[in-house]
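Reading through the structure tokens given below for one structure.
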Number of protein chains: 2
Amino acid sequence: METYTIKDIARELGLSTSTVSRALRGSYEINPETKRLVMECAERLNYRPNPIALSLKGSASRAIGVILPQVANYFFSQAINGIEAIAYNRGYHVIIFQSQESYEREMANVQQAMSRKVDGLLMSLSSETSDVTHLQDVLDKNVPLVLFDRVSSELNVTKVVADNFGGAFAATEHLIRSGRRRIAHLTIQPWLSITQERLAGYRAALEQNGLEFDEALIRYGTFGPDEVGPMVDELMHLGSPPDAFFTASDRLAVGCLQALRQRNLHIPDDVSLIGFTNLNVADLLDPPLSTVVQPAQEIGQLAAERLIDQIERKHRALPIETVRIPTELVVRSSTRLEAVKL
Amino acid sequence: METYTIKDIARELGLSTSTVSRALRGSYEINPETKRLVMECAERLNYRPNPIALSLKGSASRAIGVILPQVANYFFSQAINGIEAIAYNRGYHVIIFQSQESYEREMANVQQAMSRKVDGLLMSLSSETSDVTHLQDVLDKNVPLVLFDRVSSELNVTKVVADNFGGAFAATEHLIRSGRRRIAHLTIQPWLSITQERLAGYRAALEQNGLEFDEALIRYGTFGPDEVGPMVDELMHLGSPPDAFFTASDRLAVGCLQALRQRNLHIPDDVSLIGFTNLNVADLLDPPLSTVVQPAQEIGQLAAERLIDQIERKHRALPIETVRIPTELVVRSSTRLEAVKL
DNA sequence: TTGTAAGCGTTATCAT
DNA sequence: ATGATAACGCTTACAA
């Protein structure tokens, strides 16, 4: 499986490289017969244009960069799957960079992606990122950028996100309707868009149902597996302790479930628990975990579609919008399973 | 954040591009003073060499290609994490390709990786792959290749795998020791290396314990979520039905657990179950799932390390070997669970 | 010690 | 309709 270049074809056919190049890309100004010969020869040699050379030349690299915090994560790995599926169909390659939740690394990743001449960039911000000038630079260079999941309000770009507000609202309201009054909310870093939206949904549900929003029931942070337990204890020892937990991530949901179990708190008799998570075995857990599920794959697909649309129609201005995809609240109990679409 | 080239530095300093190039890479034959000037200027302009140009030139691209079946998978996403960590430390980028378990796509991926001039290739074979000539081509082009997890015996390359034989042996022996005699084995495609090794471990454990190896208890395939149930039924209706299940993948383990639960079979009183899986909430399931865990991240790290070693010391011949990393058998029982329910 | 020029694979701009 | 040439950013003989 040798690798041939335009030069080889040119030599083989006694033509110039420019003619071959034109023939290959079906230029109208070349002899149909020549075209046929070139095509046939290219086919025979299994010619493949060198993407590196193409990129260097400045034209499309047919690669899109994906920068996200972590691959080993239920949500993101599913999202990548969606991205890759669309990209593959439309003839693009996906170059994945992990920021590992580090602002430093995210900036380095952006640099690298740019210098690898990706045709566009798909990003979900690291939890350390607040300043987004590195992304403004991307836009200034006219490289299409689409944000998904963890987005920034400071950038005027297309964003694809789950309906975090709606999901949080539904979860909280469900807890209220089932009689809960003191709902704790364990969440991640407060400056992230998803955190704010979920918190807003939680708060709105409380207020619309005449319940007080109590800061004492909110916990922000990056929690390791061993840190959730103490936090649960802390909350349970409040003057008026929570009768339910609403958690904002996979890890928090699992950590909280584990903590509650270890403390012999029965769910949902003692406390209720709903987690924002894409864990796909939630129904097999003990007890089954009620979840707000983000359509990760769909988010990835949509983000990739928007990005490639932008790449391919650079001339026309495409509308900049925020696409919000509904989440699904799946309430699970040991006896029944009901899905509520928002 | 403009992007500067060697030319810019050369112009700025009134030097030639070659001098700048040499200075940048610290060639011994240039004036220390000039070197200093160049370095200072490069620093000031935030100069970054263009990797595309480097690749085209034929030198290192400092990128490694990773071709694997699926990102959205417990094992692979963790492995990627390990790979990326090592690659980042050693100054390499990771370009990920998903074969989606398709031989066609795997070949296309290899082509693409090659034409993107990756410095080396890390692969786990698709479940459709039996012919490996596309990988022999890679080797013929002197591109370092390391296989992990799903490997091929036909290629003389370094391989990093979990100790599948040992894990399967341990799991099976554990089941036998706990009194099981008819252990069904649900597994994936028979031609995959991991399938064969696990089957061999299972068989060896049976035979060393004086139990008969019964083909009727083995099921191979790609099972969707709905197909495991019928298969379990089929097995349970055998003249002498299984009293235990040993499953070879995440999906099979979860599917089997679900099927057994739905059929009200109690674990481990009616049947026992151990799964080869990297699911990280196995202890929270109902009942807790005993697992054979592969050190996915470590496998990724080791594979990446070997590959980069090979890339960087192309001159010396590095030993070709198969690294086998121990798996961990985690036996979980529901005793704690019952305590909670009291 | 530094500069010149060729070359990596491709395409765009001029010729012819 | 086709060919020659320059250019993309960088490295590397070879000259000076």
Side-chain angles (χ1 to χ4, degrees), chain A residues 2-39 41-42 45-63 111-112 114-119 141-143, chain B residues 2-39 41-42 45-63 111-112 114-119 141-143:
Chain A
E2 273 303 300
T3 173
Y4 296 96
T5 72
I6 278 193
K7 260 186 192 163
D8 297 312
I9 300 181
R11 185 160 13 78
E12 183 111 357
L13 267 50
L15 291 171
S16 79
T17 58
S18 17
T19 306
V20 174
S21 172
R22 279 183 283 236
L24 252 16
R25 55 188 38 250
S27 165
Y28 60 95
E29 52 181 351
I30 59 120
N31 190 319
E33 176 57 13
T34 312
K35 199 183 270 188
R36 207 189 49 71
L37 277 173
V38 170
M39 287 307 196
C41 183
L45 298 185
N46 188 30
Y47 166 78
R48 294 279 174 275
N50 181 329
I52 299 286
L54 287 176
S55 312
L56 182 56
K57 196 67 183 77
S59 56
S61 66
R62 294 203 81 81
Q111 275 261 3
Q112 284 289 343
M114 295 303 285
S115 61
R116 283 191 184 280
K117 292 273 194 305
V118 295
D119 291 343
K141 283 184 187 131
N142 271 315
V143 173
Chain B
E2 272 304 298
T3 173
Y4 296 95
T5 73
I6 276 192
K7 258 185 194 164
D8 297 312
I9 301 183
R11 185 160 9 82
E12 183 112 358
L13 268 48
L15 291 171
S16 78
T17 59
S18 26
T19 305
V20 174
S21 170
R22 280 184 281 239
L24 251 16
R25 57 186 37 252
S27 165
Y28 60 96
E29 51 180 353
I30 58 118
N31 189 319
E33 175 58 12
T34 312
K35 199 184 267 188
R36 206 190 48 71
L37 276 172
V38 169
M39 288 307 197
C41 182
L45 298 185
N46 188 30
Y47 167 78
R48 294 281 175 271
N50 180 331
I52 298 286
L54 287 177
S55 312
L56 184 56
K57 195 66 186 78
S59 57
S61 66
R62 295 201 82 81
Q111 275 262 4
Q112 285 289 342
M114 296 303 286
S115 61
R116 284 192 184 277
K117 291 271 191 305
V118 294
D119 291 343
K141 284 184 186 132
N142 271 315
V143 173

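Chain letters run A, B, ... following the sequence lines, proteins first, then strands; residues in each count from 1.
- Using a 4.0 Å heavy-atom cutoff across all strands shown, B:Ile52 reaches no nucleic acid atom at all.
- The shortest distance between side-chain heavy atoms of A:Lys35 and A:Leu24 does not fall below 4.5 Å.
- For B:Leu56 and B:Thr34, each mapped to the nucleotide of DNA chain C holding its nearest heavy atom, the one lying further toward the 5' end belongs to B:Thr34.
- Across B:Leu45 and B:Tyr4, no two heavy atoms sit closer than the pair O-CD1, 3.2 Å.
- In this structure A:Glu33 satisfies the side chain to side chain donor-acceptor pair (under 3.5 Å) test together with A:Arg36, sequence neighbours excluded.
- Screening residues 11-24 of chain B for side-chain hydrogen bond (donor to acceptor under 3.5 Å, both in side chains) gives B:Asp8-B:Arg11, B:Glu12-B:Arg44, B:Ser16-B:Ser18, B:Ser16-B:Thr19 as the qualifying pairs, with residues at least two apart or on separate chains.
- On the nucleic acid side, DNA chain D has its first and last nucleotide under 4.0 Å of a heavy atom of chain A at D:dA1 to D:dG9, going 5' to 3'.
- When the side chain to side chain contact (heavy atoms under 4.5 Å, CB included) test is applied to B:Ala63, the partners found at least two apart in sequence or on another chain are A:Arg116, B:Ser61, B:His93, B:Ile95.
- A:Leu13 meets the side chain to side chain contact (heavy atoms under 4.5 Å, CB included) test with A:Ile9, A:Leu15, A:Leu37, A:Val38, A:Cys41; sequence neighbours excluded.
- Helix bend of the helix from C:dT1-D:dA16 to C:dT16-D:dA1: the angle between its two end axes, each built from five pairs, comes to 60° after rounding to 10°.
- Taking 4.5 Å as the limit, every side-chain heavy atom of A:Leu54 sits out of range of all side-chain heavy atoms of A:Lys117.
- A:Leu56 and B:Ile52 make their closest contact through N-CG2, 3.5 Å (heavy atoms, listed as atom of the first residue, atom of the second, distance).
- B:Gln111 approaches A:Asn46 most closely through the heavy-atom pair NE2-ND2, 3.4 Å.
- Under 4.0 angstrom from either OP1 or OP2 of C:dG3 there lies at least one side-chain N or O belonging to B:Thr19.
- Atom P of nucleotide C:dG9 and atom NZ of A:Lys117 are separated by 18 Å, given to the nearest angstrom.
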Starting at the 5' end of nucleotides 10-16 of chain C, put B wherever the base has a protein heavy atom under 4.0 Å, S where only the sugar-phosphate does, and a dash everywhere else.
-> BBBBB--
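- With a 4.5 Å cut-off on side-chain heavy atoms, B:Thr3 and A:Met114 do not count as touching.
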